[in-house]
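Worksheet: the structure to be examined is printed underneath.
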Amino acid sequence: MRHIISLLLENEAGALSRVSGLFSARGYNIESLTVAPTEDPSLSRMTIVTSGSDDVIEQINKQLNKLVDVVKVVDLSEGTHIERELMLVKVRAAGKDREEMKRISDIFRGRILDVTDKTYTIELTGTGAKLDAFIEALDKGAILETVRTGASGVGRGDRILKVQ
Amino acid sequence: MELTEAQTTELTGAEIVSRCLAEEGIELVFGYPGGAVLPIYDELFKQDKVKHILVRHEQAAVHAADAYSRCTQKVGVALVTSGPGVTNAVTGIATAYMDSIPLVVITGQVPTHAIGQDAFQEVDTVGITRPCVKHNILVKDVADIAPSIKKAFYLAGSGRPGPVVVDIPKDVTLEKANFFYPKSVSLRSYNTVTKGHSGQIRKAIQLLTQAKRPVIYSGGGIILGNAAAELTQLVRKLGFPCTNTLMGLGGYPATDPLFLGMLGMHGTYEANMAMQNCDVLIAIGARFDDRVIGNPKHFAQESRKIIHIDIDPSSISKRVRVDVPIVGDVKEVLTELNRQLDESSDRTDSDRTDDESLKQWWEQIGTWRSRDCLKFDRDSEIIKPQLVVERLYELTKGQDVYVTSDVGQHQMWAAQFFKFDEPRRWLNSGGLGTMGVGLPYAMGVQFAHPQSTVVCITGEASIQMCIQELSTAKQYRLPLKIVNLNNRYMGMVRQWQEFFHGNRYAESYMDALPDFVKLAQSYGHVGMQIDKPGDIDGALKEAFSRKDDLVFMDFVTDQTENVFPMVPGGKGLSEMILV
């Protein structure tokens with residue numbers, strides 16, 4: 001099953017490689033991993049999308065907690081949460097396809113960030129599934145380039161991941 | 001030149017390292033010098049609080065520091081140079097990591113400006129050691145040396161212990177900073193649980209008091225957690241059978257009738273059968289590893305309730321799902337468990353253990369025991385390796401003796417035939433299975449306990465992996481007693497080839513062996529070769545009478561002897577090959 005795990009870790013050199021090294025050493029999946037400093041610059045927040053059986057997910061949580069640089073771990077998928085991912089897509093937009101491309105982008109609430117006479121670069125934000133759906137909706141031949149950030153997530157309402 | 005006061009209190013990074021070790025109360029550092037650590041060696045040279053032991057290979061420095069820790073409870077310290085110094089040390093670090101041994105390994109690094117430039121003797125120490133340390137730190141600022149070393153000692157020795165590497169670039173050891181050694185460390189990202197959850201302990205007591213076929217299974221956590229007395233109290237209070245893992249030997253007295261012997265791949269028939277057939281299992285400071293329970297699927301086929309006490313939450317329900325997890329320091333949890341058991345036994349006896357069932361269980365165990373799974377041919381004209389260990393045990397029984405082993409058949413025979421009644425008397429590489437640890441382990445123990453008898457049980461293959469340390473033993477006059485069970489084969493490899501590879505002994509024959517007697521003599525030690533069973537006692541007695549000499553006893557043993565019982569890899573615990 002897919003899980004989205006959020007963690008706070010010391011914003012120190014090598015902290016990221018401790019986490020990624022743990023996943024590769026123990027054979028856990030990483031679907032995506034995003035990390036950036038928080039409002040407190042001594043802390044980074046990481047979001048990992050992974051998948052595995054309940055036993056594996058339990059071990060992932062425990063092993064992450066065991067890393068000395070990791071301050072807190074939360075499995076967001078244990079409760080209600082919001083997740084968002086950002087994608088930039090550069091598409092062919094010439095001739096008769098140009099109008100159609102704009103329409104599809106609008107349907108998905110995309111924003112066109114860059115325009116040339118032959119291309120559009122579209123920004124799209126949403127769940128991973130929405131971004132997948134957008135890619136599906138496009139003619140494969142029209143896609144020149146895609147780049148995705150991987151998911152970031154936050155718990156709904158009172159579920160807060162913060163160091164006291 | 002006059003120095004201002006501020007300048008006089010400033011120390012170089014190297015001085016700070018030396019001072020930190022002294023502040024930490026470190027008496028011995030095992031190491032090997034090299035370019036990147038020269039400033040640190042220069043400082044160690046100038047002081048006399050911390051003694052440095054020069055080994056002949058960095059691997060041995062870490063093993064010796066590891067052994068020093070295993071037999072004293074203190075944090076062991078090793079010091080090596082950058083590049084090859086570090087890569088040589090990695091085997092030692094990984095060995096300590098797998099057995100949760102607290103170590104601080106200080107490594108030299110090329111100067112900060114050279115890092116990443118493929119400099120001479122440069123290796124990414126933090127990167128290369130990351131998967132086999134509890135934590136590691138690259139110190140880039142001289143002011144960070146003292147806090148980093150303090151943190152390293154704290155992390156190494158607290159919670160589930162483990163090795164911590166502190167990597168210090170050469171230029172950082174030459175810069176200056178004010179020296180202040182912190183008294184304590186507090187880390188927001190690192191909290192260890194010590195006290196067990198009282199509700200869980202109550203649940204455990206309920207299960208224990210209702211058990212009909214209970215087993216107590218304990219591991220290295222009892223040794224590391226100094227909980228042998230509490231474990232012994234628990235076992236005797238309950239009258240339950242107790243088995244120890246390879247790492248847990250000595251945690252419960254091996255000569256006690258409640259002891260079933262070691263369990264696992266080469267465990268006793270009775271211990272493995274009891275594990276497989278029990279209805280309540282209490283695992284204490286043990287981790288259900290593959291050499292202990294065999295195939296977890298097979299293990300899980302029998303329904304039983306499992307209580308698991310461990311300081312590391314990630315050890316719980318990792319390979320086997322447990323019913324009552326108790327996270328905490330084993331000593332504290334066992335103390336509480338014992339206390340609550342005493343209280344409950346003061347109350348009515350309505351929920352007491354079913355004495356009749358327990359009696360039947362012991363009868364069942366008795367029939368398993370009568371299988372005499374460790375029997376061997378005592379009348380053999382060729383020396384049986386088991387006999388050597390048995391005689392060694394009998395001749396040293398009750399004495400102040402420590403036993404180290406290497407890895408392989410001899411290790412298993414040592415574990416089976418030497419009866420350890422006390423913790424920290426038995427040292428071996430259980431997790432990583434590192435051939436070559438035996439001799440450096442013996443050195444580490446002898447340094448910690450100069451008056452004790454230290455025996456290294458080894459084989460002709462393992463001993464050659466760190467044989468150069470005979471030189472270190474000479475330099476420091478360590479009167480080790482080396483028992484070499486020489487069967488001219490990598491015995492355990494040979495055994496697997498016999499059982500599972502159609503008797504094709506690929507590369508397991510030890511050709512071109514040295515004359516170990518002459519080899520020992522060439523290092524200035526005493527060498528003996530023994531090839532008749534009748535000479536075993538005489539040789540051992542003579543060796544032990546040479547109080548000041550290292551004696552290398554080369555026992556020429558039966559080439560075809562195998563270790564029994566054996567649970568083949570991937571099989572269940574009750575699927576043993578018996579003799």
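- No side-chain heavy atom of L8(A) sits under 4.5 Å from any side-chain heavy atom of R188(B).
- The 12-atom threshold is not exceeded at NZ of K305(B), counting heavy atoms of other residues, nucleotides or ligands nearer than 6.0 Å.
- Residue-environment remark: NE2 (H81(A)) exceeds the threshold of 12 foreign heavy atoms within 6.0 Å.
- Under the 4.5 Å side-chain criterion, counting only non-hydrogen atoms from C-beta, E10(A) is not in contact with L187(B).
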Point to revise | K66(A) vs K134(B), side chain to side chain contact (heavy atoms under 4.5 Å, CB included): CA-CA, chis, key distance, verdict | key: CA-CA 9 Å; K66(A) 206 164 122 177; K134(B) 183 169 173 182; over 6 Å; no
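- For a residue to count as touching a neighbouring chain, one of its non-hydrogen atoms must lie under 4.5 Å from one of that chain's; by this rule S24(A) does not touch chain B.
- Around atom NZ of K140(B), no more than 12 heavy atoms belonging to other residues, nucleotides or ligands sit under 6.0 Å away.
- The closest side-chain heavy-atom distance from R18(A) to N136(B) is below 4.5 Å.
- K62(A) places a side-chain N or O within donor-acceptor distance of the main-chain N or O of I316(B), the cut-off being under 3.5 Å.
- More than 12 heavy atoms of other residues, nucleotides or ligands lie within 6.0 Å of NZ in K130(A), so this atom counts as buried by the packing criterion.
- Residue K72(A) qualifies as enclosed at atom NZ: its count of foreign heavy atoms under 6.0 Å is above 12.
- In terms of heavy-atom proximity, R130(B) sits nearest to G14(A) at NE-O, 4.5 Å.
- To the nearest 0.5 Å, the span separating CZ on R321(B) from CG on D54(A) amounts to 8.0 Å.
- Contact tally against chain B (heavy-atom pairs below 4.5 Å) for D55(A), N61(A), L22(A): the top residue is D55(A).
- Atom OG of S314(B) sits about 10.0 Å away from atom CG of L67(A), to the nearest 0.5 Å.
- Atom OG of S189(B) sits about 12.0 Å away from atom CG of L7(A), to the nearest 0.5 Å.
- When V70(A), V71(A), V68(A), D69(A) are each tested for a side-chain contact (heavy atoms from CB on, under 4.5 Å) with Y190(B), only one passes: V68(A).
- Summarising the geometry, atom NZ belonging to K318(B) is positioned 6.5 Å from atom CD belonging to Q63(A); distances are rounded to the nearest 0.5 Å.
- In terms of heavy-atom pairs under 4.5 angstrom with chain A, the leader among D312(B), N191(B), T192(B), V126(B) is D312(B).
- Few gaps surround NZ on K140(A); more than 12 heavy atoms of other groups in view lie less than 6.0 Å from it.
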